[in-house]
Participant: 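A single structure is presented below for examination.
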Amino acid sequence: MLCPYFLKRLAAWLLPQPLVILLFTLLSPIQAAELVGRAVLSADTFAAGSTTAQFKKTNRTTPFVHTQAVQGFSGVVKGPKAGTYLVISDNGFGSKGNSPDYRLRIYAIEPDFTTGKVFPVNLQSGERLSWFSRQSFLELNDKNRKVNFPIVAEKSFYPGSTISVSQEIKTNRLLTGGDFDIESFCRLSDGSYWLGDEFGPFLLHIGQNGELLDAPIPLPNFLGIGKLNFVKSPDHPDLMNLPDEQARITAANLGGSRGFEGLALNSSGTKLYALLEGSLKHDSLKQGLLIHEFDLATKQYTGRIFFYQLEHQSHAIGELTAINDHEYIVIERDHKQGDPNNSAFKSPAQFKRIYKINLKQIDAQGFVDKELLVDLLNISDPNRIGGNSTKAGSFTFPFVTIESVLPVDKTTLLVINDNNYADSFGRTPRQVDNTEFILLRLEKPLNLFNVE
C-alpha cells in the first residue's frame, strides 16, 4: 500500500489540481493548519561584532570583517513587548572547529506579518532599530569565571591556528561557538535564562547581562548505560585531549550534535525539561529519546526521565516547548530538505511535523503520549500568504532544520527555521535559505497557560 506522500506525488502527475487537494485532504491524519502570517529575514543579515567565519568554508566571501552573520535561530521566547521575540543563534557554523570566532548571542527581533519583513528591536524596550546594532542583542560571557574548563577567551590564538583571538572576546570573556553550541533556551521570571548546550551536553544559567551565573551543569547517566557516569558527546571538554576525532567518538556515549536540542520551562516556573536530540550509545531503544527533569529550586536533576518515541530512528527533534505543566510541543523532522511539490528537488523533505506530548500519559511501551498537531509539509494557505511558495492552496516548510516553535495564543503557533547559514537550500534549489517566521492557526485550541 502506498503512503499518503507517494499517493500525493502520483496524483499530482495524473489529476487536476482541485482533485489533488481533495485527495490529500482525505489522506491526511488531521486537517492542515492554516498559514496566517509569514515574514522573512534575509540570509545575508549581519550584526556588529569582531571578525568571524575565519575557519568556515562557504559559498560566501569570508571572513566577515568586524561583523557576524545573524543567521538562523535555534530557540524563541517572548520579547520585551507584544509582537517582539528573543531568539538565539546556535554555535555559528555547525562545529566547534569552525566557530571559535562566533560570539554567542540572544537577539531581539520583530517579525512584521503585514509587510513580511523582520526588524531588529531594542533588547530592553522592543522599539525598532535600523540595523542589528549592539542594542539589539545580549552576548553570553564568563566574566564571573564559572566555566571549569578552558574557553576560547583564555587563549592567545584560536584553537589549531595562528590567528589571534579577538581582543574584545578576550577582554570581556565572551563565550563563542568554540565553547558551547546553544540550541534551546527559556527565560525565567527573574530575568535570567537557562540554555541547553549540545557540546557537553550542559545546562547553562545566564544572568540578565549575559553573564554565566553557575558552572555548566553536566547530565548524569541516570540509566547507567555504558561505563561513563555522565552523558558526554565527542565535543565534551573532558574528551578534547584525546588524540583525534575518532578517539573522541569512541570514548563518548552520545553522538556528535545530539545534545540538548530542546529545553522547556513548565508553566509553574519550577521545572525544566531537557530533551536530547539523539539516543545514548548501546541503548536498545534507538527510537527513544530521553527527556530529563531539572528542578530550578535546587539546580539539580530530579532523576525523573521521560521517553519520547521518534516515528523513525533516522529522525531528529528540533525543539521542546511548554504548553502547560504536563503538555509540551515537539518538532520532529527528517534530514532532508526541499519542497516535495517541486520536481527540481530530487530527494525532497518527507517528514516535518509538530507533535503535542503529555508527560502524565505513558503508553504500554513507556513512551509519553504523542498527538500530531501540524504537518509542516501540508499547511493550508487559502489566502496565498506564502506567495510563490504556495502551490494549489498548500504551503510547505521544507527546511532541513526547523528549531523554534512558540505558542502565541491558544490557537496560533510561531515557527522558525534554522537556515544553517549558508549551507541549507530547502526553499529554492541552489539558493541559500533565508530565515522564515510563520504563524500557523490550529483548528483545536491548546490548553495554554502563562508560558514564556
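This is a predicted model, so every value here is computed, not measured.
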Participant: CD of Glu168: more than 12 outside heavy atoms within 6.0 angstrom?
Facilitator: yes
Participant: Decide if the gap between the ring center of His312 and the ring center of Phe351 is smaller than 6.0 angstrom.
Facilitator: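 No - the distance between ring centres of His312 and Phe351 does not fall below the 6.0 Å cut-off.
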Participant: Quick one: list whatever passes side chain to side chain donor-acceptor pair (under 3.5 Å) with Ser74, sequence neighbours left out.
Facilitator: Asp90, Glu183, Glu403
Participant: Can you confirm whether Leu272 sits close enough to Cys186 that some side-chain heavy atom of one is under 4.5 Å from a side-chain heavy atom of the other?
Facilitator: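 Yes, their side chains come closer than 4.5 Å.
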Participant: In sequence, state the C-alpha distance, the side-chain angles, and the governing distance for Asp214 and His205, and then conclude on side chain to side chain donor-acceptor pair (under 3.5 Å).
Facilitator: CA-CA 6 Å; Asp214 304 287; His205 190 199; 2.8 Å; yes
Participant: How would you list all residue pairs meeting ring pair (Phe, Tyr, Trp, His ring centres under 6.0 Å) that involve residues 81-110, not counting sequence neighbours?
Facilitator: Phe93-Tyr102, Tyr107-Phe132, Tyr107-Phe137
Participant: Identify, with sequence neighbours excluded, every residue that meets side chain to side chain donor-acceptor pair (under 3.5 Å) alongside Asp244.
Facilitator: none
Participant: Check the surroundings of atom NZ in Lys299: do more than 12 heavy atoms from other residues, nucleotides or ligands lie under 6.0 Å from it?
Facilitator: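 For Lys299, atom NZ is crowded (more than 12 foreign heavy atoms under 6.0 Å).
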Participant: Going by ring pair (Phe, Tyr, Trp, His ring centres under 6.0 Å), name the pairs with one or both residues in residues 248-288, residues two or more places apart or in two chains.
Facilitator: Tyr273-Tyr328
Participant: Is there a donor-acceptor contact under 3.5 Å from the side chain of Asp179 to the main chain of Thr176?
Facilitator: yes
Participant: Pairing donors with acceptors under 3.5 angstrom, does anything connect the side chains of Thr302 and Glu293?
Facilitator: yes
Participant: Would Trp194 and Phe294 count as a close aromatic pair, with their ring centres under 6.0 Å?
Facilitator: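 Ring centres of Phe294 and Trp194 closer than 6.0 Å.
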Participant: Report the relative orientation of the aromatic rings in Tyr158 and Phe55; use parallel for angles under 30°, tilted for 30 to 60°, perpendicular for over 60°.
Facilitator: perpendicular
Participant: Is there side-chain contact between Ile317 and Tyr308, with at least one heavy-atom pair below 4.5 Å?
Facilitator: yes
Participant: Evaluate the side-chain proximity of Gln300 to Asp295: yes if any heavy-atom separation is below 4.5 Å, no if none is.
Facilitator: no
Participant: So Ser192 and Asp190, side chain to side chain donor-acceptor pair (under 3.5 Å) or not? Walk me through it.
Facilitator: CA-CA 6 Å; Ser192 68; Asp190 64 2; 2.7 Å; yes
Participant: Under 3.5 Å, side chain of Asp418 to main-chain N/O of Gly318, donor-acceptor pair present?
Facilitator: no
Participant: Sub-3.5 Å donor-acceptor pair from the side chain of Ser99 to the main-chain atoms of Lys96, do we have one?
Facilitator: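 No.
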Participant: Between the side chains of Asn419 and Ser424, is a donor N or O closer than 3.5 angstrom to an acceptor N or O?
Facilitator: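 Not at all, the side chains of Asn419 and Ser424 share no donor-acceptor pair under 3.5 Å.
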Participant: List the residues meeting side chain to side chain donor-acceptor pair (under 3.5 Å) with Thr428, not counting sequence neighbours, and say none if there are none.
Facilitator: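 None.
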Participant: Which pairs of donor and acceptor atoms, one on a side chain in residues 145-154, lie under 3.5 Å apart (sequence neighbours left out)?
Facilitator:
| residue | atom | partner | partner atom | Å |
| --- | --- | --- | --- | --- |
| Glu154 | OE1 | Ile151 | N | 3.4 |
| Glu154 | OE2 | Arg173 | NH1 | 3.4 |
| Glu154 | OE2 | Arg173 | NH2 | 3.0 |

Participant: Using 4.0 Å as the upper bound for N to carboxylate O, is an ion pair formed by Glu311 and Lys370?
Facilitator: yes
Participant: Taking Glu139 first and then Arg103, would you say they form a salt bridge - that is, a charged N and a carboxylate O separated by under 4.0 Å?
Facilitator: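 Here Glu139 pairs with Arg103 in a salt bridge, since their nearest N and O are under 4.0 Å apart.
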Participant: Between Asp44 and Tyr421, is any side-chain donor less than 3.5 angstrom from a side-chain acceptor?
Facilitator: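 The criterion, which ignores hydrogens and geometry beyond distance, is satisfied for Tyr421 and Asp44.
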Participant: I want to know whether Phe399 and Phe397 have ring centres closer than 6.0 Å.
Facilitator: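 Judged by ring-centre distance (under 6.0 Å), Phe399 and Phe397 do meet the cut-off.
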Participant: In Å, rounded to the nearest 0.5 Å, how long is the span from CG of Asn91 to CG of Asp235?
Facilitator: 9.0 Å
Participant: So do the side chains of Ile402 and Leu376 get within less than 4.5 Å of each other, counting heavy atoms only?
Facilitator: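 Heavy-atom side-chain distance check passes, below 4.5 Å.
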Participant: Tell me, with the steps shown, if Asp381 and Thr390 meet side chain to side chain donor-acceptor pair (under 3.5 Å).
Facilitator: CA-CA 7 Å; Asp381 186 16; Thr390 295; 2.5 Å; yes
Participant: Is there a side-chain contact between Asn253 and Lys232 in this structure, where contact means two heavy atoms from C-beta onward sitting under 4.5 Å apart?
Facilitator: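 Yes - at least one pair of side-chain heavy atoms lies under 4.5 Å apart.
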Participant: Would you indicate whether the side-chain heavy atoms of Ser389 and Arg427 approach each other to under 4.5 Å?
Facilitator: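 Side-chain contact under 4.5 Å: yes.
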Participant: Contact between Phe46 and Gln68 at the side-chain level, heavy atoms closer than 4.5 Å - yes or no?
Facilitator: no
Participant: Would you call Asp409 and Arg441 a salt bridge, using N to O less than 4.0 angstrom?
Facilitator: no
Participant: Does one side chain, of Asn420 or Thr401, offer a donor that lies under 3.5 Å from an acceptor on the other?
Facilitator: yes
Participant: Do Glu277 and Leu289 come within less than 4.5 Å of each other through their side chains, counting heavy atoms only?
Facilitator: no
Participant: When you look at NZ of Lys81, are more than 12 heavy atoms from neighbouring residues, nucleotides or ligands closer to it than 6.0 Å?
Facilitator: yes
Participant: Between Arg187 and Lys78, is a side-chain contact (heavy atoms from CB on, under 4.5 Å) present by the stated rule, with each step listed?
Facilitator: CA-CA 9 Å; Arg187 185 180 57 188; Lys78 292 181 179 179; 4.2 Å; yes
Participant: Could you go step by step and tell me if Ser267 and Asn324 meet the side chain to side chain donor-acceptor pair (under 3.5 Å) rule?
Facilitator: CA-CA 5 Å; Ser267 57; Asn324 50 56; 5.8 Å; no
